[in-house]
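Below: the structure, in structure tokens.
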Amino acid sequence: MALNQQVKDLIQKLGEAIHESVSESDQISGVVREIREQGFDVLLMLEATIGLNEVEDEPETIDAETDADDASGPFTRNDLTFLKSLRISTEETERISSESAESTGEDAAPAA
């Protein structure tokens, strides 16, 4: 997905807003001050991952099975994909892995 300059500028503004929020936080500065009083210097590095999904003009038709799956569990399909990317396994992520493997003809379990 190619990002236009306006979206790039907005992402940069979002990063600056996050930085400003952390920098101006009384709670964070109070804890940092307490750590320094204990004789330590503090280096705070935060990483923010900003993900964008392009919204299509026409809504996709969702089959009843997918809709029922999303409504029955606590996680959406995007949640489960994210958890899987962090190597966090739930019953739902294991089910999605096996469904993906069945649709591609691959074995869902890794070879030992």
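Heavy atoms only: backbone and side chains are in, while hydrogens, waters and symmetry mates are out.
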Side-chain donor or acceptor of S21 paired with backbone N/O of A17 under 3.5 Å: yes

Evaluate the side-chain proximity of I18 to L46: yes if any heavy-atom separation is below 4.5 Å, no if none is. no

Is the shortest heavy-atom distance from the side chain of L10 to the side chain of L14 under 4.5 Å? no

Just wondering, more than 12 heavy atoms not from Q6 lying within 6.0 Å of its CD? no

Are Q12 and E16 linked by a side-chain donor-acceptor pair shorter than 3.5 Å? yes

Can you measure from CZ (R33) to CD (Q38) and round to the nearest 0.5 angstrom? 13.0 Å

Please name the pair of heavy atoms, one in V42 and one in R36, separated by the smallest distance, quoted to 0.1 Å. O-NH2, 4.0 Å

Quick one: do V22 and I50 end up in the same hydrophobic cluster if we chain Ile, Leu, Val, Met, Phe, Trp and Tyr together by side-chain heavy atoms under 4.5 Å apart? no

